[in-house]
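Step one of this worksheet: look at the structure below.
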Number of protein chains: 2
Amino acid sequence: MTNIHHVAKEAGVSVATVSRVLNGQNSVTYKTKLKVEEAINKLNYEPSVLGRNLRNSESRILLILIPQISNPFYTEIIKGIEQTAISLHYNILLCETDSSPQRENIYFELVRNKMADGIISMDPAVNRETLLKLAEKHAIIQCSEYTPDSGIPYVTIDNEEAAYRAVNHLIQIGHRNIAMINSDETYLYAQQRRQGYQKALLKHDIPIRPEYVLHASELGFDNGQQAMKRILKLKDRPTAVFAVSDLLAIGALKEVNNQRLQVPEDMAIVGFDKIDFSNMTYPTLTTISQPMYKMGKIAASMLIDRIKGKQVESVILEHELVIRGSTAG
Amino acid sequence: MTNIHHVAKEAGVSVATVSRVLNGQNSVTYKTKLKVEEAINKLNYEPSVLGRNLRNSESRILLILIPQISNPFYTEIIKGIEQTAISLHYNILLCETDSSPQRENIYFELVRNKMADGIISMDPAVNRETLLKLAEKHAIIQCSEYTPDSGIPYVTIDNEEAAYRAVNHLIQIGHRNIAMINSDETYLYAQQRRQGYQKALLKHDIPIRPEYVLHASELGFDNGQQAMKRILKLKDRPTAVFAVSDLLAIGALKEVNNQRLQVPEDMAIVGFDKIDFSNMTYPTLTTISQPMYKMGKIAASMLIDRIKGKQVESVILEHELVIRGSTAG
DNA sequence: TATAAAATTGTAAACGATTACAATTGGCGG
DNA sequence: CCGCCAATTGTAATCGTTTACAATTTTATA
């Protein structure tokens, strides 16, 4: 492997000069710059990132913590992060935590010992204490899910308001028996969306029935399907369902189809996230659109600012209710 | 930041001894080992991966090259890779190439200058020349898509046979006008699947009609939907379609639904990959199941073997035709 | 042309680990 | 108690950069 010393010798200059050329400093004559560049080309030299990283004590790697890589909601955000990261010469290390603390620790370790410069956490099941501790010394941004009053900057949407609008829409089109498929309510977003759900009901004097709120242990098609199975067995069968994730909603939709019931006539469904699939179902899914790509881009630039020592403010982005076939006949 | 010298001083030993304890060498007395570990705990020391990497000239990072992160086919493979990588203390850097050579080059560079130890490429649009050149000096495995006779080891399935079986199934259930939605035929898998398609037709003396083979520029729902639009306008309208990706098939299915035609009565559809979503459509999608997770695991262990200098053999895995609603009434 | 100031270049010390090789220690037989 | 050998520990070089500071060259000015 050819290193900076070889180049220096070849060009007849010192390593410092070569380094300066490499880093585009202008304190070097045009003539020597040419000589150095010639040597670099001749020797086919590529500076070692390893050496550079050690010296600069940075890795230019960003960690992205997500619970499940298979949820398209995350993939869209990741695209946004990627776009910004690449343009600023950072690379991203994708970390699937499976919501397991051990798994998480592996990744936290990476940051602690400088293999990564910072973290964008999207894991709602994150170990908050550890994260907080880590945030004292390292750059961390939360995306989508966050920890209020923790000082960790975040990008997210107004979950309560979004849920409120979704349920409000169901009420507007005449439903009063509205079930909710929520996820684990230890997660903030789940709490907030439940708040929104209840707020909408209360607003219209619809009594809140605890048995109408189901919980999915994970965000997958199966979980949605199972939940719908239970919903269809409830007495005073709900006529509409609000699911906190498109994946759940799609699974639920499938179950309604399976039982030869009609959507939206027998059961209206609203999802959350507006993933691409949500437009491919039959009927298409009414859902809340989150600006995933934008969220990713913002999270990434916040993180990089943070790494560079700047102060950053949390951001709450807009969302939108997209009305489609599963609620509109 | 506390480093190995601090630990050495604290424990009253030399840095070499600390390093030996760190790396579990047994040439160190139990007693000193204890002293060192005590010092490590006391100082809360974490060895710097940066320093270690430089010295060992490795990064313990694997690159995964995929064209689009949003295709669930890849996410499942990635899970497999991840599983193996983590257990062997490697991390994975996910690289979305968008099938763009510039983008690709960024990642190749990472390997050239030791920021990554090897590559698993799943990009069919990869620049073969560059990849071959890179493979001379670096560990590279291809997964799913490969370059025959290049010496680059790969994991894949028998695409021709799989396509053959898919189309054969359509013929078995009575179809003779069978269209194909293929992707760019510069890709090997596309060529092979087309071969399989034609082989099945020929076998049953069905003439091959070039106008029945459409091409999607990308693997997305939209592309499938567009393709189906064109298919439905063909004279001698096909009664069945074989799509080389579930995403295309699902888009196509959507279009058939949109036009109020029945699947499979008016149009039977077979997809490829068995992504989770293929079971959520209406009707569910007949498709070819690839062992994605296993493919990922194997690719990862092949790569790591390669990095360690071992010789590895290419692997062709089994596939399976999964018959579901879109072909079986 | 001499001299001060500015621009360019070079020297050598980091960064934080690993590891040949050297030095020391301890155990054991005679 | 001495000498030898093995086991343990230490010293210092090394990986490939960047950069403070020193040294040199160039330029500007009188």
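Chain naming here is simple, since letters A, B, ... match the order of the sequence lines and numbering starts at 1 in each. Treat the numbers as computed from the prediction; the structure is a model and nothing was measured.
Heavy atoms of A:Val15 sit under 4.0 angstrom from at least one base atom. Within 4.0 Å (heavy atoms only), B:Ser19 reaches at least one base atom of the nucleic acid. Residue contacts for B:Asn53: at a heavy-atom cut-off of 4.0 Å it reaches no nucleic acid atom on any strand shown. Backbone-only contact: A:Glu46 has heavy atoms under 4.0 Å from sugar-phosphate atoms and none from a base. Using a 4.0 Å heavy-atom distance criterion, A:Leu50 is classed as making no nucleic acid contact. Within the 4.0 angstrom heavy-atom criterion, only backbone atoms of the sugar-phosphate kind lie near A:Ser48; the bases stay farther away. B:Asn23 comes within contact range of the sugar-phosphate backbone alone, with a heavy-atom separation under 4.0 Å but no base atom that close.
A straight line from CZ of A:Arg20 to P of C:dT9 spans 8 Å, rounded to a whole angstrom. Look at CD on B:Glu58: it is 10 Å from P on C:dT18, rounded to the nearest Å. The separation between A:Ile4 atom CD1 and D:dT17 atom C1' is 6 Å, rounded to whole Å. Taking atom NE2 of residue A:His5 and atom C1' of nucleotide D:dG16, one finds them 8 Å apart after rounding to whole Å. We find that CD1 of A:Ile40 is positioned 13 Å from C1' of D:dT17, with the value rounded to whole Å. Remark: C1' of C:dA17 and CE of B:Met1 are 13 Å apart, rounded to the nearest angstrom. C:dG16 atom P lies 9 Å from atom NZ of A:Lys114, rounded to whole Å. Following rounding to the nearest Å, B:Arg55 (CZ) and C:dG16 (C1') show an atom-to-atom distance of 11 Å.
Proximity of A:Ser57 to the phosphate of C:dG16: no side-chain N or O atom is located under 4.0 Å from OP1 or OP2. The shortest distance between the side-chain N/O atoms of B:Thr17 and the OP1/OP2 oxygens of D:dG10 is below 4.0 Å. The side chain of B:Arg52 contributes no N or O atom lying less than 4.0 Å from OP1 or OP2 of C:dG16. Residue A:Tyr30 has no polar side-chain atom (N or O) positioned under 4.0 Å from OP1 or OP2 of C:dA7. Of the side-chain N and O atoms in B:Ser27, none sit less than 4.0 angstrom from OP1 or OP2 of D:dT9.
Using modelled atom types and a 3.5 Å distance limit, the side chains of A:Asn113 and B:Ser48 yield no donor-acceptor pair. Checked by atom type, the side-chain pair B:Thr147/B:Gln142 shows a donor-acceptor distance below 3.5 Å. Under the 3.5 Å distance criterion, with hydrogens and angles disregarded, no donor-acceptor pair is assigned to the side chains of B:Ser59 and B:Asn53.
Within the 4.5 Å cutoff, the side chain of A:Tyr74 has no heavy atoms near those of the A:Ile69 side chain.
In the set D:dT18, C:dT8, D:dT9, the nucleotide with an atom closest to the side chain of A:Thr29 is C:dT8.
The 5' end of DNA chain C is approached more closely, in terms of each residue's nearest nucleotide, by B:Leu54 than by the other of B:Gln25 and B:Leu54. Heavy-atom nearest nucleotides on DNA chain C were determined for B:Ala16 and for B:Gly51, and the one closer to the 5' end corresponds to B:Gly51.
Not one N or O on the side chain of A:Arg103 forms a donor-acceptor pair closer than 3.5 Å with the backbone of A:Cys95. Side chain of B:Glu96 to main chain of A:Lys79: no donor-acceptor pair is present (N/O by atom type, distance under 3.5 Å, no hydrogens or angles).
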